[in-house]
Every structure is written in structure tokens, then in C-alpha cells.
*Asks:* 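Sharing a structure below in C-alpha cells format, with a few things to ask.
Throughout, protein chains are lettered first and strands after them, A, B, ... in sequence-line order, and every chain is numbered starting at 1.
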Protein chains: 2
Amino acid sequence: MKLTTKGRYAVTAMMDLALHAKIGCVSLVDVSERQNISLAYLEQLFRSLKKSGLVNSIRGAKGGYMLAKGDKEISLADILVAADEQINLACGGSACSENTPCLTHGLWTNLSNQFYEFLDSKSLNDLVKSRDVQTMATMQDVTQIGNIPVQISK
Amino acid sequence: MKLTTKGRYAVTAMMDLALHAKIGCVSLVDVSERQNISLAYLEQLFRSLKKSGLVNSIRGAKGGYMLAKGDKEISLADILVAADEQINLACGGSACSENTPCLTHGLWTNLSNQFYEFLDSKSLNDLVKSRDVQTMATMQDVTQIGNIPVQISK
DNA sequence: CCGATACCCGAGTAAATCACTCAGGTTTTA
DNA sequence: TAAAACCTGAGTGATTTACTCGGGTATCGG
């Protein structure tokens, strides 16, 4: 039971967008530097996020990404699902088919649903509000000399 | 967020033991046939379960495995952990080290703990009691001509 | 209008993990 | 003593992961 880094990165990146929502749109270069994630990987990731309608993009210089909905309308589950992170513990292999389900088939679908409910109950806003994240975020912005709008030299 | 088949098999197998606890010990051949899991794989799996103290074994003909504790003392979490199924969604890669944790580090350790609590609150007995499992189990035993104690011919 | 910035896209790939299998044991019972 | 069963280490093909690469195309400032 583990999460792929893709799912984890997706949540991190979405939080970054949420934290800098006031600026308008955020470039992946910024996200990459702040969150320490490879740019190429982020681009690939944001394709999925966009396809799922979680973010909008603006092309060209001064472009970037922004949340397609409000903070509170996006859940952890939404993000994970968008990042191909299926929240499904159930079986689909050889030992368990539709007509001859295994002993635990019901159990896992049940648990999966409960996990989904749980993850769907946490909004991006909930996450961003947390004290932990707030302090980390300001630290990140300060480290970025000059903060966001200016950014003169490399 | 998915479960490996190893974890799933472990739970299935443990439930099989629990369901046939009255017989004394259960051979892996029986479990293999009833639950449709490769014998060799089960043997490998039961090494882990034994090492973790969840089952005891009796060697030789008429031998087999049995639960090392009561139904109610064994949790889903216990079984999954024994089957090398770590219940940990947190990061440990490049983007996130101890001194420079990523934005979401706290979030994932938090979630992991909640998941663990949840899985630890479900005992093997809880699972076995469920209507679903009961009916499936009797079906499995009936299909096995002659049921458990007798088992004359192959 | 040109070059820099940034999004967009398909494909490829090394490393890791998974889901097993195999080939041998050793112990116990009938 | 043969069969049943547990025990063990090692190997392996397939799949998935976590990326990278090499090209685009749109937009803005000068």
C-alpha cells in the first residue's frame, strides 16, 4: 500500500498553485525550483492534471498554470485520480474473476470505497491552511530571492 | 495507491485458517485449492507470516498451519505488515530528506497513520463474521467434495 | 518580426518491483 | 520407508515506475 511519486508530486504541485493563486498563473519552472521536481516530469504530470480539468494553462511567455476551480472544490482524491493514481485495493488477477470472486473481494472493494471517501473529504484548501504547510511555504518564498513577481536575475 | 497481491493473498489465506480453525491445522495444499493460490507462493508467504508470529506450523504428514493467536487478536494491519506490505504513503526519495522535507511530508505521514489505525481496527474475526464471507466459505467447503475432516480421494 | 519563454506531445529507457517458479532440503506419520 | 507436508535460497520474466529526450507551437517584449 503505497503511493507513487507521481501522485505525491501532483499534490505538491497543486498545493504550490493554490499557495500562489493570487499571482495569477504560475510557471512550471517556478514550481520545479520551489518544490524540487524535474521540469520535464512536471510537464508530463500537468498534461494529466489539465486533461482532468483541474488546471487551466496559458501558453507563451509569461504563461503558466492556474487552478481551474476553487481551493475548496478540489479534493485530494481528485488530484490523485487525475495523476493516474487509482484508489483501488481490489483484485483483478487470476485468482478472482467476476463470476468466481475470491473470499476477500467484497472486503477490498469496501475498503477502497472508504479510502476514497476519506481522501475526497480533504480539500486542497484544507491542506493549504495547515500550519505546517503555511510556514514551509513562506520559507520557500523567502529562499527564492526577490519572491515571485520580481525575479530579475537567474 | 494499490495493494500487492502478496498482501491480498495473505489476508485471504489467514481468513481460510480462521474459517477452518476448529479442524486444528490446515495444510497449504488445502488453502491453495480452496483459494486458488499457487502452492509455492503460499509457502513463501507463510514464511513471512510465521516469522511475524501470526501462525504456528506443524511439520510432517498431517501437518499444516494454524493461527498463533485468536481471531480477535489479529488485525488486518498485522497481516499486511507481516506480508511486507508497508502502510506508508510518505516520501523518501530525492525531493524530500529529513532536514529539507517537502511541502507535503507531514500530510502523508499523517494520512499513513490514519490508514494504519483504520486497518488495525479491523480484526480477522470481524472479517470472517461478515455475511459475504460466510456464504462464500460454505460454498467453497461444499465444492470440496467430502468437506474437511474426511477427504478420502484426491 | 525575432528571440526568449513557456506550454505541448510522443516516445523511449534504465532501474526497480512483482509475482511468481524451481530445486532442493527436513520432519513427521502411517 | 514412502508419502505428506513444511522449509529455504535463489532465480526470472513481465510489468511498472520515474523519469528523460527531442522535438514541436503559442505568446510576449522589444
*Asks:* Specify the residue among B:Ser57 and B:Gln44 whose closest nucleotide of DNA chain D lies further upstream toward the 5′ end.
*Replies:* B:Ser57
*Asks:* Do B:Tyr65 and B:Val31 have side chains that approach each other closer than 4.5 Å (heavy atoms only, starting at C-beta)?
*Replies:* no
*Asks:* For the pair made of CG in B:Leu39 and P in D:dA5, what is the distance, rounded to whole Å?
*Replies:* 10 Å
*Asks:* Rounded off to whole Å, could you give me the CZ-to-C1' distance for the B:Arg47 and C:dT21 pair?
*Replies:* 12 Å
*Asks:* Could you check how far OH of A:Tyr9 sits from C1' of D:dT17, rounded to whole Å?
*Replies:* 12 Å
*Asks:* What do you reckon, is NZ of B:Lys62 surrounded by more than 12 foreign heavy atoms closer than 6.0 Å?
*Replies:* no
*Asks:* Keeping A:Asp16 on the side-chain end and A:Ala13 on the backbone end, is there a donor-acceptor pair under 3.5 Å?
*Replies:* no
*Asks:* It should be established whether B:Lys6 places a side-chain nitrogen or oxygen under 4.0 Å from OP1 or OP2 of nucleotide C:dC18.
*Replies:* no
*Asks:* I need the OH-C1' distance between B:Tyr65 and D:dA4, as an integer number of Å.
*Replies:* 13 Å
*Asks:* Considering every strand and a 4.0 Å limit on heavy-atom distances, what is the contact class for B:Val55: base, sugar-phosphate, or nothing?
*Replies:* nothing
*Asks:* Closer to the 5' end of DNA chain C via nearest nucleotide, is it B:Glu43 or A:Glu43?
*Replies:* A:Glu43
*Asks:* Of all the nucleotides listed (C:dA6, D:dA5, C:dA19), which has the minimum atom distance to the side chain of A:Val29?
*Replies:* C:dA6
*Asks:* From the set C:dT21, D:dT20, C:dA19, return the single nucleotide nearest to any side-chain atom of B:Ala40.
*Replies:* C:dT21
*Asks:* Look at B:Lys2 and D:dT17 and indicate whether a side-chain polar atom (N or O) is within less than 4.0 Å of OP1 or OP2.
*Replies:* yes
*Asks:* Would you find a donor on one side and an acceptor on the other, under 3.5 Å apart, between the side chain of A:Ser123 and the backbone of A:Asp126?
*Replies:* yes
*Asks:* If you round to the nearest 0.5 Å, how far is CD of A:Glu85 from CG of A:Leu3?
*Replies:* 4.5 Å
*Asks:* Does any non-hydrogen side-chain atom of A:Leu19 lie less than 4.5 Å from one of A:Arg34?
*Replies:* no
*Asks:* Write down the distance between CG (B:Leu49) and C1' (D:dC7), rounded to a whole number of angstrom.
*Replies:* 14 Å
*Asks:* Would you mind reading off the distance between B:Lys50 atom NZ and D:dT8 atom C1', rounded to a whole angstrom?
*Replies:* 12 Å
*Asks:* Please enumerate all protein N or O atoms sitting under 3.5 Å from an N or O of nucleotides 26-30 of chain C, with distances to 0.1 Å.
*Replies:*
from: C:dT26; atom 1: O2; to: B:Arg59; atom 2: NH2; distance (Å): 2.9
from: C:dT27; atom 1: O2; to: B:Gly60; atom 2: N; distance (Å): 3.4
from: C:dT28; atom 1: O2; to: B:Ala61; atom 2: N; distance (Å): 3.3

*Asks:* Nearest whole angstrom, please: distance from the P of D:dC19 to the CZ of A:Arg8.
*Replies:* 10 Å
*Asks:* Round to a whole Å and report the spacing from CD1 of B:Ile37 to C1' of C:dC20.
*Replies:* 12 Å
*Asks:* Closest-nucleotide mapping onto DNA chain D: is B:Ser27 or A:Tyr41 further toward the 5' terminus? I mean the 5' end.
*Replies:* B:Ser27
*Asks:* Which value, rounded to the nearest 0.5 Å, describes the distance between A:Asp84 atom CG and A:Ser52 atom OG?
*Replies:* 8.0 Å
*Asks:* Is any side-chain nitrogen or oxygen of B:Thr5 closer than 4.0 Å to OP1 or OP2 of C:dC18?
*Replies:* no
